[in-house]
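For reference, the structure discussed in these notes is given below.
Lettering of chains follows the sequences in order, A, B, ..., and the numbering in each one begins at 1.
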Amino acid sequence: MRRSTLLCETLRDDPAEADVPNHILLVRGCFIRQLASGIYSLLPLGTRVAAKIEQVLREEMDAIGGQELTMPVVQPAEIWQQSGRWYDIGDDLLRLKDRAEHDLVLAMTHEEVITSLIGYNVHSYRQLPVMLYQIQTKFRDEPRPRAGAIRLREFTMKDAYSAHISQEDLDRYYPEVYQAYFNIFRRCGLDVISVDSDVGMMGGTMAHEFMSLTPVGEDTLVLCDACGLSANRQIATFRKDVIDGGEPQPLAEVATPDTKTIAELADLLDIPESSTAKAAFFVGDAGLIFAVVRGDMEVNETKLTNATKSTALRPATEAELHEAGIVPGYASPLGVSGVQVVVDDLVAQSTNLVAGANKAGYHLYNVNHGRDYEADVVVDIASAYDGAPCPDCGGPVRLERAIEVGNIFKLGTKYAAALKAQYRDEAGDQHPMVMGCYGIGVERLMAAIVEASHDERGMIWPVAVAPFQVYLVVLNQNDESVMQAAEQLYADLGAAGITVLFDDRNESPGVKFTDADLLGMPLRLTVSRRTLKNESVELKLRTDKEFTLVPLAEAVAHAQAQIGALQASIDARVVAEEFAVGG
RNA sequence: CGGGGCGUGGCUCAGCCUGGUAGAGCGCAGCGUUCGGGACGCUGAGGCCGGCGGUUCAAAUCCGCCCGCCCCGACCA
């Protein structure tokens, strides 16, 4: 490809709307272009990267028995009603009507279609297991798209679905997908770790997320250096040490004017925050939720969502609290009614905590669960914090930010039962299939790669996903012999099967080198009057500071060797990964 | 949806407070000179100042409403 004809106008300045590296660089390099919030065009360079990623996806999915297919993006509401997600999912699901006023959705994922499809086409245990996948557009009407290509509304997803005769067979297969996922990310040059994750709106029994560690990430992970534990903070547990509060003492009211926060309360009463109980209020499917954790901890909304069997939570408004007779800042689980009280297990085991009196300006000493109030649910709803004791080994955990680039779920029979994907066993009896689903976001993966692999000058593409392997610069174009040599090299590289972006523009050397760095092809070749004086070509890796001169006649061979070495170093990282529950 | 910020040639921004001829740099087009790390000179094109309404003799500028975009919070590939 000639740079002079490529649709690629690089930007000198950082775009105003971008403030994270992947977004800045992808826009400056003309890989993506925003159309609306969370909706982007992939320009030629971005499309080439996506195609390279998709090639890796296809190879790895095919290697574990996947068959590619293509399903519709626009889908009738009926199948979503059958699965229940029409009702469970809120505004993230974009709904529309056709001319006949039929309800339609833009698919945010394809469990419904694939399940009905498999149910239609698979009837016998002899046809199972089956693994199907597609690489196709998804639409999620995200409340807040973010960070360039990391959080989009319209995006491309490799979504795969497997169907099995039994949980055992799914359990056997699941680690194969787990391994394939590691292979995919490593081949794309991205380091990831796997973590246990929440099953969320997908339902199911087990899930892993594949995480690329970066401060730009939206997820928080809980990691233990001592034993290797890793989990999404949404579900991470930690060891809770009960502080001995002594035998339950009589309740005692204490005046605490103007102490609306736990910090103020602890300060005023001269007690540690861990001697208090903290209340937080949410609204779930069943109405107002009164959540209680120890004062030094935070409520984990994912855990609380699961504990209350809600599909979604939102913080309660002041008005809703007043209506329920709750005094914000002085709220107490004592004497409240008509709300669901969820108490963290640690609070339930603690004695003589200080809690609100549900009366403005007053708190209570010696509040004890079981004696003074009853919870509807007692379960872990506290969020793991930096330095919390690891649930497995007791060592301190640390929190890290990460991008979720992929996930795998054991769905179980939820969709198969709802959408009647059944098979007959050897005895002729019908059973719902046991399913798994497996997703990877293509644009997000591209963004995560840039996030993980760039410097102050620009992107540094791992060779397997680079839009071109070589950036060929020619200088002194007015010198016919130089131009001729460059043209010949361009042709020879192409003939050798190397993908080349040939910067044949009439631009100054500075412009070309700067663009070469920004666009980030792994290998740069430069032909100029100077190099030709020695019958040579300059060769430089994007990751290196220095360049080397190689004989013009051997330039193609050297380029091939360099690309081969880059590829080999990536291949060396594709190794067997131990499948571990809990890590 | 709650909170904060921003909308002025393709891009980055100034001008707005204190109303009166719409600006700079980059980019783009032409000519010439340059040619190893975002070169230089000359010439030129390009703007309903996000939209609607209001105030005023006069609005990019003041006021109101709306729309869009970004950031922080709750969700997900």
Side-chain angles (χ1 to χ4, degrees), chain A residues 9-20 23 27-28 30 33-39 57 89-93 108-109 135-160 181 197-198 200-202 207 209-212 217-219 232 234 282-283 299-302 304-305 311-315 317-318 403-409 437-448 457-458 473-479 482 506-518 524 526-531 538 540 547:
Chain A
E9 190 173 55
T10 54
L11 303 178
R12 289 185 179 227
D13 302 308
D14 291 350
E17 76 272 13
D19 56 5
V20 296
H23 194 192
V27 172
R28 279 190 56 204
C30 213
R33 161 87 187 180
Q34 182 168 10
L35 179 64
S37 180
I39 301 178
L57 290 169
I89 296 175
D91 292 337
D92 277 17
L93 179 63
M108 55 196 300
T109 172
I135 299 174
Q136 185 250 23
T137 302
K138 299 282 179 284
F139 193 92
R140 297 184 184 179
D141 199 0
E142 295 281 351
R144 190 157 99 75
R146 243 206 298 224
I150 288 180
R151 187 178 202 72
L152 299 172
R153 292 199 291 168
E154 180 177 313
F155 62 99
T156 310
M157 180 157 110
K158 186 285 298 166
D159 48 324
Y181 266 46
S197 76
D198 184 50
M201 68 162 181
M202 306 302 257
E209 292 167 335
F210 293 81
M211 295 287 191
S212 171
E218 304 182 283
D219 283 82
N232 195 308
Q234 293 178 332
F282 298 88
V283 175
V299 172
N300 180 317
E301 287 193 36
T302 303
L304 187 61
T305 303
T311 51
L313 294 187
R314 61 170 174 82
T317 64
E318 291 242 342
I403 300 171
E404 179 189 351
V405 287
N407 64 21
I408 58 179
F409 285 91
C437 73
Y438 319 94
I440 290 177
V442 174
E443 293 88 348
R444 180 180 284 186
L445 179 51
M446 174 165 78
R457 293 180 165 279
V473 173
V474 57
L475 305 177
N476 319 110
Q477 283 156 281
N478 50 353
D479 186 327
V482 175
N506 187 19
E507 290 287 355
S508 68
V511 170
K512 293 189 178 188
F513 290 140
T514 307
D515 262 10
D517 289 339
L518 172 64
R524 189 184 82 190
T526 305
V527 178
S528 71
R529 193 180 288 142
R530 212 158 83 185
T531 67
E538 176 189 312
K540 177 183 168 298
F547 59 80

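- Residue A:Asp219 places a side-chain atom within donor-acceptor reach of the base of B:C76, judged by atom type and a 3.5 Å distance cut-off alone.
- Applying the side-chain contact (heavy atoms from CB on, under 4.5 Å) criterion to A:Ala516, with sequence neighbours excluded, gives A:Tyr471, A:Arg524.
- The side-chain hydrogen bond (donor to acceptor under 3.5 Å, both in side chains) test applied to A:Thr514 returns no partner, not counting sequence neighbours.
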Would you give me the side-chain donor-acceptor pairs under 3.5 Å for residues 11-18 of chain A, sequence neighbours excluded?
none

For nucleotides 67-69 of chain B, which of its nitrogen or oxygen atoms have a protein nitrogen or oxygen under 3.5 Å away, and what is each distance?
from: B:C69; atom 1: OP1; to: A:Ser37; atom 2: N; distance (Å): 2.8
from: B:C69; atom 1: O3'; to: A:Gln34; atom 2: NE2; distance (Å): 3.3

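- Not counting sequence neighbours, A:Asp92 has no partner by the salt bridge (charged side-chain N to carboxylate O under 4.0 Å, His left out) test.
- Legend: residues meeting side-chain hydrogen bond (donor to acceptor under 3.5 Å, both in side chains) with A:Glu218, ordered by chain and number and at least two apart, are A:Arg146, A:Arg151.
- Using a 4.0 Å heavy-atom distance criterion, A:Asp19 is classed as a sugar-phosphate-only contact.
- Atom CG of A:Leu57 is separated from atom C1' of B:A77 by 11 Å (rounded to the nearest Å).
- Here A:Thr10 pairs with A:Asp515 under the side-chain hydrogen bond (donor to acceptor under 3.5 Å, both in side chains) rule; sequence neighbours left out.
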Nucleic acid footprint by protein, nucleotides 36-44 of chain B - heavy-atom cut-off 4.0 Å, B for base, S for sugar-phosphate alone: BBBS-----
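- Residues passing the ring pair (Phe, Tyr, Trp, His ring centres under 6.0 Å) test with A:Phe282: none are found, sequence neighbours excluded.
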